[in-house]
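Residue numbers start from 1 in every chain, and the chains themselves are labelled A, B, ... in the order their sequence lines are given, proteins ahead of strands. Predicted model, so just to flag it, every value in this text is computed and none were measured.
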Amino acid sequence: MPDALIPATGDPLLDGLNPPQREAVEYRGSALLIVAGAGSGKTRVLTHRVASLLRNREAWPSQILAITFTNKAAAEMRERVEDIVGEQAKGMWISTFHSACVRILRREAEQFGFTKSFTIYDSGDVRALLKRLVKEHEGDAYGLTPAAVQSRISKLKNELHDADSFRSQANISDPAERIFVEIFQDYSRRLRSANALDFDDLLAQTVFLFRAFPNVADTYRRRFRHVLVDEYQDTNHAQYQLIRELTKPVQGEQMDVGGGMVALLPEASDARASLTVVGDSDQSIYAFRGADIRNITEFERDFPGAKAILLEQNYRSSQNILDAANSVIRNNFDRKDKKLWTDQGPGESVVGFTGYSQHDEAQFIADEIDRLRGQGTNYSDIAVFYRTNSQSRALEEILIRAAVPYKIMGGTKFYDRAEIKDAIAYLVAVVNPADELAVRRILNKPKRGIGAVTETNIARFAADNDMTFREALGHADAMGLGPKIRKAIEQLDAVLQDATEILLPAEGDAPPTSVTEGLRLLLNASGYEDALRRSQDPQDEARVENLDELVAVTREFARNNPDGTIIDFLTEVALVADSDDLEDESGVVSLMTLHTAKGLEFDTVFLTGVEEDLIPHRISAGEPGGPQEERRLFYVGITRARRRLYLSLAMTRAQFGEVSSAMPSRFLQEIPAGLIEWRQSPSEMNGRGAGARSLGGGGSAARARENSWGQRPLTPKNKSSLAEFTNRVTGKVRDNGDLELTAGDRIQHDDFGEGTVDAITGQGAKRIAHVRFESAGTKKLLIKVAPITKIS
DNA sequence: GCAAACCGAATTTTT
DNA sequence: TTCGGTTTGC
């Protein structure tokens, strides 16, 4: 229905919304499911719904709990609600599952035998601990790897098993299983004694807490009258149960009436929070980490009387893109039919391209980007997606050479860097001295000559004398160590004590100093920063800069949270993945995996590597529901595009040092031939179509000749030309920094042959040569790295 | 205790 | 190929 036909209501929260959107904002009832197709305006609906609850005085801000999966989504939602209702938004809990749980758990920590200052272990910490435990239990003899154990424990916790409950149902007669159970139990003990929780615990412990202490649960049930959950299709079992617990009726005072019978005193028995969930089962792509699509598909059964509203009108993409998306996702059986549509017209065709190799494919993309750029498209409106991270390399190599600025999204995270983790470990060692892992981590950082042997000695001393590892550091003299090592330990102990005094002063002493000062003290007095500065390794220079950045983060934190404690800071660090948000990278092409792309949108999208064994990924074939999830992933990729969608693939792909030939993805066949305009189709590349499915794209042969490779004739089946293009590009860093080029020069390029320089732009390391090649057309080349030599 | 040489495995990822 | 983990040798 065209928007024009929707009558204005005079209500700013409803105007501009289509009828189902309005209903989703206005419906009041105990449970509401909003099935929001890609690009259907779900965030808008969600924020307007929250705003309308507030505006109509149906709820106080403090009675609203809105849950998202990522911090970014939470921040965006808060911002948008604030835009509508202003200051009021401050009192709402808009947060991720994990932050909401941490908030609850810190408050209630004593109830379950932890202290407020518990540490949160990320997967790296968990891995480090499990590595030790697997070794101690000799798990490798039974084929147990730390990675496998980690993922299994995580899955079990997501299913709300703990080590003991799992033990009772495990098959102990299988030795590998027995060892696994032992490791799991030991792991749980270590976490407990370290006063630490892993990510999965945050959810599971909250559920356990609610179940074990109904009065605690009631506190939160009374408080949150409206619970809203975004991306509901991505919830795992623990998250689902958490929602269930929160939306149960307030139980009221329990009275033991004898004989173990419990009576409930009547207290507002229908007082249960209203639940709104938003999601799209077609965008469920996280089953591999425990997301259970049934949570959303069976919502109406789980919550009887639930209302379901379907949002199918898409405000993002052109109809051609939506048709492509619909025609792909339609092939998933067992799904509620849903068809995205738009009133914005068909738009441009989807463009297909088949390269000889991944580099050929990348070159096409680079050329297209350059062409679009010439037409006024911003780099920041362009994104390149791929299934696996390893695919980014070839793209990067070509983009660098073509002088296309890009950024890899969701790559290595700031807080994952070793030096940052070290610095954080210093802080943790102060705040939560029970955290053995943190203390061990900093034991020999910077190098103090304390190796594995000494570490074991300290651990043994601690165990023998019934003290923590941290406490043992204060008794270096009693361990029979050499004088050098003894002094090193004493020095570390002193540094930690000094930091403790200023960060966590005893009652009545001076107030605690800022996190910034504490961190500075730790980094300086420990000698950590000095060691990096003195180092010859050029990488260490960057590490120092990262530490400076971390110090800056602490300052920023203090500014944003005047009352923020060091515990708050560490919580934020543990739960917020990157310090620099991915957003607003203006003027840069975004590269990312399909998973990272979820929730984002771009004018122009290049979906690369559309090949069998990549998408669907080969490993997914053996997993139940695997191929279907891959199809959803492909669907997610397609629906990110607003105006232009490119689907590209390569005939050969070099992986693991081997070149193998690739076949077009089955998903390509699912898109009607008429929707794709092939610049170079797989069948053309394959002569008689041998080896590949014949794919629609018949009438495109003429267009193929005007592709970016200019007049160079395609020579299908020509093995030598394939070989020529495979692995031509090496990762080796060239440095042509001193190469002097001026307009008119003749150059030889490894891939493109001979050409004439038209112009030179840019400065220094960013000098760009604009070259007219005889056979490959005009290219922009970054002189510093392009594989070129001057001839004549 | 530490650096160099060697071997083997290699989706997707947020919190 | 590349990364990371283990083994080996100083």
Side-chain angles (χ1 to χ4, degrees), chain A residues 67-74 95-102 120-128 131 134-135 140 145-147 151 154 157-158 197-203 231 234-236 238-239 284-291 358 385-391 393-394 397 409-413 415-416 444 447-455 482 484-485 488 537 571-578 582 592-599 609 613-623 626 629-630 632-634 636-637 653-659 726-727 729-732:
Chain A
I67 301 181
T68 62
F69 270 82
T70 66
N71 293 293
K72 199 179 148 203
S95 69
T96 63
F97 270 104
H98 295 265
S99 341
C101 287
V102 169
I120 300 164
Y121 279 7
D122 68 20
S123 36
D125 302 327
V126 170
R127 176 67 56 91
K131 232 179 92 185
V134 168
K135 192 174 254 174
D140 52 339
T145 62
S151 103
S154 172
K157 286 187 174 180
N158 285 162
L197 298 170
D198 65 25
F199 281 137
D200 303 314
D201 285 334
L202 297 179
L203 305 169
E231 305 281 15
D234 286 336
T235 48
N236 62 30
Q239 289 159 334
S284 162
I285 55 173
Y286 284 115
F288 71 90
R289 66 180 198 211
Q358 53 204 334
F385 300 159
Y386 36 81
R387 174 68 237 270
T388 68
N389 285 306
S390 63
Q391 288 169 255
R393 181 172 305 268
E397 285 166 2
M409 313 285 270
T412 324
K413 280 157 238 128
Y415 292 110
D416 274 353
N444 198 32
K447 290 197 173 70
R448 301 181 169 93
I450 306 175
V453 178
T454 311
E455 190 177 330
K484 221 173 123 191
I485 293 181
D537 189 340
T571 302
E572 187 167 307
V573 167
L575 296 182
V576 180
D578 14 34
L582 318 165
M592 69 192 84
T593 66
L594 284 165
H595 283 90
T596 309
K598 178 151 168 243
D613 290 349
L614 258 181
I615 180 153
H617 198 278
R618 124 200 347 230
I619 296 177
S620 74
E623 285 162 11
E629 177 146 321
E630 296 285 308
R632 291 194 291 269
L633 190 54
F634 189 62
V636 164
R653 195 163 286 274
Q655 234 181 340
F656 314 144
E658 294 233 312
V659 181
T726 324
N727 272 351
V729 181
T730 64
K732 293 203 179 64

Rounding to a whole Å, what distance do you find between [X]:[atom1] and [N]:[atom2]?
| X | N | atom1 | atom2 | answer |
| --- | --- | --- | --- | --- |
| A:Arg632 | B:dT13 | CZ | C1' | 16 Å |
| A:Tyr386 | B:dT13 | OH | C1' | 13 Å |
| A:Glu397 | C:dT1 | CD | C1' | 11 Å |
| A:His595 | B:dT12 | NE2 | C1' | 4 Å |
| A:Ile285 | B:dT14 | CD1 | P | 10 Å |
| A:Leu575 | B:dT13 | CG | C1' | 15 Å |
| A:Arg653 | C:dT1 | CZ | P | 18 Å |
| A:Glu572 | B:dT15 | CD | C1' | 13 Å |

Original post:
Can you tell me how far C1' in C:dG5 sits from the matching atom in B:dT12, rounded to whole Å?
Top reply: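 After rounding to an integer number of Å, I get 23 Å for this pair.
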Subject >> B:dT13 to C:dG4 separation - P atoms, rounded to the nearest Å >> reply: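 Those two atoms are separated by 16 Å.
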I need the minimum non-hydrogen distance between [X] and [Y], along with the two atoms involved.
| X | Y | result |
| --- | --- | --- |
| A:Ala73 | A:Thr68 | CB-CB, 3.9 Å |
| A:Pro146 | A:Arg127 | CB-CD, 3.9 Å |
| A:Val636 | A:Lys598 | CG1-CA, 3.9 Å |

Phosphate OP1/OP2 of [N] contacted by [X] side-chain N/O (<4.0 Å):
| X | N | answer |
| --- | --- | --- |
| A:Thr96 | B:dT14 | no |
| A:Thr593 | B:dT13 | yes |
| A:Asn444 | B:dG1 | no |

Subject >> Nearest-nucleotide comparison on DNA chain B, the residue closer to the 5′ end among A:Ser99 and A:Lys447 >> reply: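 It is A:Lys447 whose nearest nucleotide is closer to the 5' end.
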Original post:
Which residue lies toward the 5' end of DNA chain B, A:Asp122 or A:Ile450, if each is placed at its nearest nucleotide?
Top reply: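 Nearest nucleotide further toward 5': that of A:Ile450.
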Subject >> Check: A:Arg632 side chain, A:Ile285 main-chain N or O, donor-acceptor pair, under 3.5 Å >> reply: no
Original post:
NA contact type, A:Thr454, heavy-atom cut-off 4.0 Å: base, sugar-phosphate, or nothing?
Top reply: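 Sugar-phosphate, no base atom in range.
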**OP:** May I ask you to say what A:Tyr286 touches in the nucleic acid, namely base, sugar-phosphate or nothing, with a heavy-atom cut-off under 4.0 Å?
**Re:**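 The residue A:Tyr286 makes sugar-phosphate contact but no base contact.
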**OP:** Decide, for B:dT12, between syn and anti: a glycosidic angle within 90° of 0 counts as syn, anything else as anti.
**Re:**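 What B:dT12 shows is an anti base, its glycosidic angle lying more than 90° from 0.
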Original post:
For the residue pair A:His98 and A:Phe199, does the interplanar ring angle fall in the parallel (under 30°), tilted (30 to 60°) or perpendicular (over 60°) class?
Top reply: perpendicular
Subject >> Check: A:Ser151/A:Ser154 side-chain N/O donor and acceptor closer than 3.5 Å >> reply: no
Original post:
Salt bridge or not for A:Arg387 and A:Asp613, using N-O below 4.0 Å?
Top reply: no
**OP:** Answer yes when A:Asp198 and A:Lys157 have at least one side-chain N-carboxylate O distance shorter than 4.0 Å, and no when they do not.
**Re:**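 A salt bridge links A:Asp198 with A:Lys157.
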Quick test: give all pairs of protein nitrogen or oxygen and nucleotides 5-11 of chain B nitrogen or oxygen below 3.5 Å, distance rounded to 0.1 Å.
residue, atom, partner, partner atom, Å
B:dT11, O4, A:Glu623, OE1, 3.0
B:dT11, O4, A:Glu623, OE2, 2.9

